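Below is one structure, written out as structure tokens; comments come after it.
Remember, it's 1-based here, ligands and their atoms both numbered in the order they're listed. Bear in mind the structure is a predicted one, so any value in this text is a computation, not a measurement. Counting begins at 1 with the first residue of the sequence.
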Amino acid sequence: MINTTTNGEIDYSDLREKLLHNKDKPAIININIGTTFKGAVDDINVILQTLEDCGYSHNKFYIHCDAALSGLIVPFIKNVISFKKPIGSVTISGHKFLGCPIPCGVQITRKSHIAYLSRNVEYIASVDATISGSRNGLTPILLWYSLSSKNQIGIQQDVKRCLYNARYLKDRLQQANISVMLNELSTIVVLERPLDHEFTRHWQLSCVRDIAHVIVMPSITRETLDDFFIDLVQKRKMWYQDGSVKPPCVADDIGAQNCACALHNGQYIFL
Ligand SMILES: Cc1ncc(COP(=O)(O)O)c(C=O)c1O
């Protein structure tokens, strides 16, 4: 297991240390192109360089890129995922950014890996590479429909709007002196955990320790973000007004520079 930095990315120096420590074994590395909670994107180039520096030749490592959510976001901002690089596979989920109504996804891998895993199934007179020996026939149609009805330009517009809206929410929270973090290639706004369970339930926020996140998807409008922001600011006034309870310190989770707690950023300004 490799450590991560506070923004959720792989800690590359820890990766280097562990690679050197396990040099007698091959490395199978899962790279996240958008981690679940913080939307952190691991740097493929740094990881490949680290492998090379540690003496791992191409046949001594396998890299899988888990791009479940951000696989349809990141390529429109920065061209980081490419089979021109020595990666083994990439996966994306169809029911996340694309919004397909049934869980589905795409795994792209090299022909050589497919050939290695495929077996001839005599009774269907065909070669099969699936784990279960079968697959859902409807989900590829849903994926195809979603991709072709939006097309590349439509997805690009969704990405642009989501990034813009995520930055908008982050800026508003920051201006209101609320702890917040947004990774560069992400639409996941990480903020302090709201005090009240009713509030998190109402806004369907998922929380871990003292942080929560808002995933700005194509269906989320500016109005929804404004309503959320206003509600949060008003509720915080009630939660924290007498000073007996203070907003949580989230420096360990999102970094001191993003933490607006009394220790890291002085007094809160209630708008
Ligand atoms: C980083 C990451 N990988 C994988 C998954 C799971 O994807 P799927 O729902 O397509 O199995 C998720 C879902 O939350 C995720 O955030």
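- The line from CG of Leu182 to OG1 of Thr187 is 8.0 Å long, rounded to the nearest 0.5 Å.
- Cluster membership check: Ile102 does not share its hydrophobic cluster with Ile92, using side-chain heavy-atom separations under 4.5 Å among Ile, Leu, Val, Met, Phe, Trp and Tyr.
- Between Glu184 and Arg167 no salt bridge is recorded (no basic side-chain N to carboxylate O distance below 4.0 Å).
- Listed by first and then second residue, the side chain to side chain donor-acceptor pair (under 3.5 Å) pairs involving residues 106-116 amount to none (not counting sequence neighbours).
- Sequence neighbours left out, the pairs with a member in residues 10-60 that pass ring pair (Phe, Tyr, Trp, His ring centres under 6.0 Å) are Phe37-His213, His58-Phe61.
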When you check ligand 1 against the protein, what N or O pairs turn up below 3.5 Å? List the atom names and distances, or just say none.
{"from": "ligand 1", "atom 1": "3 (N)", "to": "Asp66", "atom 2": "OD1", "distance (Å)": "3.0"}
{"from": "ligand 1", "atom 1": "3 (N)", "to": "Asp66", "atom 2": "OD2", "distance (Å)": "2.6"}
{"from": "ligand 1", "atom 1": "7 (O)", "to": "Ser93", "atom 2": "OG", "distance (Å)": "3.4"}
{"from": "ligand 1", "atom 1": "7 (O)", "to": "Lys96", "atom 2": "NZ", "distance (Å)": "2.9"}
{"from": "ligand 1", "atom 1": "9 (O)", "to": "His95", "atom 2": "NE2", "distance (Å)": "2.9"}
{"from": "ligand 1", "atom 1": "9 (O)", "to": "Lys96", "atom 2": "NZ", "distance (Å)": "3.3"}
{"from": "ligand 1", "atom 1": "10 (O)", "to": "Ser93", "atom 2": "OG", "distance (Å)": "2.6"}
{"from": "ligand 1", "atom 1": "16 (O)", "to": "Thr36", "atom 2": "OG1", "distance (Å)": "2.7"}

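- Here Tyr145 sits in one hydrophobic cluster together with Trp144; the rule is ILVMFWY side chains under 4.5 Å apart, joined directly or through other members.
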